[in-house]
Amino acid sequence: MTDLEQIAKEATDHGMSYGEYVAWKAKATLEEQQNYRRARQVAEIQRKRGKKK
């Protein structure tokens, strides 16, 4: 099964059209990246605060 066929199958499994599924997947990936970046920033700030005390 090609990647395209796999994506199309997952889309129908979720009851979405191919376009809806791709957009949803892209949004989920974007949110994960933003959450990862935010978590790294928070960890950096906490580390800096810890050194000052």
Side-chain angles (χ1 to χ4, degrees):
M1 190 181 294
T2 64
D3 287 343
L4 201 56
E5 288 171 333
Q6 181 66 33
I7 293 169
K9 182 186 179 306
E10 287 178 22
T12 53
D13 289 348
H14 289 287
M16 299 181 202
S17 72
Y18 175 77
E20 287 172 328
Y21 181 75
V22 170
W24 172 74
K25 262 305 220 199
K27 185 173 181 261
T29 302
L30 191 66
E31 286 173 351
E32 285 174 12
Q33 289 171 349
Q34 289 171 342
N35 289 342
Y36 175 73
R37 226 175 286 130
R38 197 171 297 121
R40 258 192 11 217
Q41 288 172 343
V42 167
E44 187 69 29
I45 290 166
Q46 288 173 345
R47 206 172 354 192
K48 286 179 182 175
R49 281 190 190 142
K51 287 181 181 177
K52 287 182 183 175
K53 290 181 181 174

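All of these numbers come straight from a predicted model, not from anything done at the bench. What's counted below: heavy atoms across the whole structure, side chains too, no hydrogens, waters or symmetry copies.
The shortest heavy-atom contact between A11 and S17 is CB-O, 3.9 Å.
Here the CG atom belonging to D3 is positioned 9.5 Å from the CD atom belonging to E5, to the nearest 0.5 angstrom. Y18 OH to K9 NZ: the interatomic distance, rounded to the nearest 0.5 Å, is 15.5 Å.
Ring-plane geometry between H14 and W24 is classed as tilted, the angle between the planes lying from 30 to 60 degrees on a 0 to 90 degree scale.
Cluster membership for I7 and L30, using ILVMFWY side-chain heavy atoms within less than 4.5 angstrom, is not shared.
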Which pairs of donor and acceptor atoms, one on a side chain in residues 33-45, lie under 3.5 Å apart (sequence neighbours left out)?
from	atom 1	to	atom 2	distance (Å)
N35	OD1	R38	NH1	3.3
N35	ND2	E31	O	3.4
E44	OE1	R47	NH2	2.8

